[in-house]
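Only a predicted model underlies this, so the values are computations on that prediction, with no experimental measurement involved. By convention in this document, chain letters (A, B, ...) are assigned in the order of the sequence lines, proteins followed by strands, and residues within each chain are numbered from 1.
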Amino acid sequence: MTADLNESVKKENIKIHVKGLKKAFGKLEVLKGIDAEITTGEVICVIGPSGSGKSTFLRCINRLEEATGGEILVDGESITDRKADIDRIRQHIGMVFQQFNLFPHYTVKENVMLAPVELKLKSKADAEKKAMELLKRVGLEDKADAKPRQLSGGQQQRVAIARALAMEPDIMLFDEPTSALDPEMVCEVLDVMRELAAEGMTMVIVTHEMGFAHDVADRVFFIDQGIIMEEGTPEQVMDNPQNERTQSFLSKVL
Amino acid sequence: MSLFKVLGEAYPMFLDGLSMTVRITILSLIIALVIGIFVCLMNISNNIVLKSIAKFYIWLIRGTPMLVQAFYFYFAIPQLIQGVTGTQFRIDIFTASLITLAMNAGAYISEIFRGSIEAVNKGQMEAARSLGLSYAKSMQKIILPQAIRICLPSLVNQFIITLKDSTILYAIGLAEIMNKAKVYVGRTMESFATYTWVAIFFLAIVTVLSLVSRTVERRMNS
């Protein structure tokens, strides 16, 4: 009886449920069957060699890549279903890209305001107020009227995070958010992410920053050759890896 | 051989011809821009039929000389229609010229639009879609504003080409500047002075166009 109850409580808490996810680009099979359950408020760091399928896995979660097999449920709702209203689902899944992808023809503030206003979730005035709050939070309120190209890489990435947060998502996906940054700018972006994690945001982060992953992750997924080779707490996976491939990968990057 | 004597004597003819040249160019470019937008949308759509029609049209226009196209619209198609329907069918020179120029420029402009849309970084569409914006909204708010900036120089270049290509329509008898000049030379034998003026007119218009486009570009980039 109690076991059943625990099971159902856990089920309710599953934010992202990935079942047998497969993705092939033509004949190239990138993901060969990924299973994962991510609970609300959990911070997952995905590590692994380049070309292992980490980014593809992340991009399947908001369907920037169409899965070729398996299923992904977000809040119990299938997003891989062809009939799923993906635009509505994406509204509460924020994404931050390696290359920032800010909109160059809008100011920083307009970048942050755009989606809530266009989707008629907020009035212009409310969206602007929220945008300024978010920019303040990432330390860039003085850049509100600048164009993205006038900012450094680290600043652009912080704006990109603010832009994603403007939609008030309950899941945030990060695709190697610091890989395109100069070393001295990595910290400022990681600090913002750390804060988000502390506030209880459900986060899936593909990263090469091993120290950061060890710090913030509740669980670490080691992906290689299109499957999750090893998963567990950072202590389990990173300090005491059981899988030979994990060991060899970590010995190269640490 | 006196340049200014010829100008003094022939300017009413020149003005007539120039006004026709400018009119047919502007009208055809307006139509071509509409054709360009629709053919481009067909070309980038996922609908295989629409895509094929667009590709076929571009292939046809790009693969044939404009002179042949002009003769086709003015002589060949009317004859075909006459043969099929059995009734008298004629198309006037202005309409045939307009169709020729517009269809011709439309094909090139659609390719300019397609190239510019594809030149916008792929990450822009992904970022817009990841925020929950629909494909259409993302196009409208994120992709097209950037594509317009990218396409502007090529578009002005196409305007210049179309302006100059309009002289080809002299061959089916459109009373544009080249046609008028030819008639004037036939009467007075003033080849050098007449064609020098024709060249100068085109240079003047093209120079103004280039200056305007440079100003617009600078303003858009600032």
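For K164(B), the NZ atom counts as loosely surrounded, since its 6.0 Å shell holds 12 or fewer non-hydrogen atoms of other residues, nucleotides or ligands. Within 6.0 Å of the CZ atom in F201(B), the count of heavy atoms belonging to other residues, nucleotides or ligands exceeds 12. At most 12 non-hydrogen atoms from other residues, nucleotides or ligands lie less than 6.0 angstrom from CZ of R214(B). With a 6.0 Å radius and a threshold of 12 heavy atoms from other residues, nucleotides or ligands, Y170(B) has its OH atom at or below the threshold. Within 6.0 Å of CZ in F75(B) there are more than 12 heavy atoms belonging to other residues, nucleotides or ligands.
The heavy-atom pair separating Q91(A) from G132(B) by the smallest distance is CG-CA, 4.0 Å. Minimum interatomic distance between A127(B) and F97(A) (heavy atoms only, all atoms of both residues): CA-CE1, 3.6 Å. Across D87(A) and R129(B), no two heavy atoms sit closer than the pair OD1-NH2, 3.0 Å. Closest heavy-atom contact between L131(B) and M167(A): O-CE, 3.5 Å. For K137(B) against E118(A), the heavy-atom pair with the smallest separation is CE-OE1, 2.7 Å.
Distance alone, capped at 3.5 Å, is enough to place a donor-acceptor pair between the N101(A) side chain and the G123(B) backbone. A donor-acceptor pair is defined here as one N or O able to donate and one able to accept, closer than 3.5 Å; no such pair exists between the side chain of H105(A) and the backbone of R149(B).
For the atom pair CG (L64(A)) and CE (M125(B)), the distance works out to 11.0 Å, reported to the nearest 0.5 Å. Within the model, atoms CD1 of I61(A) and OG of S130(B) stand 13.5 Å from one another, a figure rounded to the nearest 0.5 Å.
Proximity to chain B is absent for every atom of I89(A), based on heavy atoms less than 4.5 angstrom apart. The part of Y106(A) that comes within reach of chain B is its side chain, from C-beta onward, which places non-hydrogen atoms under 4.5 angstrom from that chain. Heavy-atom distances place the backbone of I93(A), and not its side chain, under 4.5 Å from chain B. The contact between F103(A) and chain B is made by backbone and side chain atoms together, counting heavy-atom distances below 4.5 Å. Only the side chain of R59(A) comes within less than 4.5 Å of a heavy atom in chain B; its backbone stays farther off.
The shortest side-chain heavy-atom distance between M95(A) and E126(B) does not fall under the 4.5 Å cut-off.
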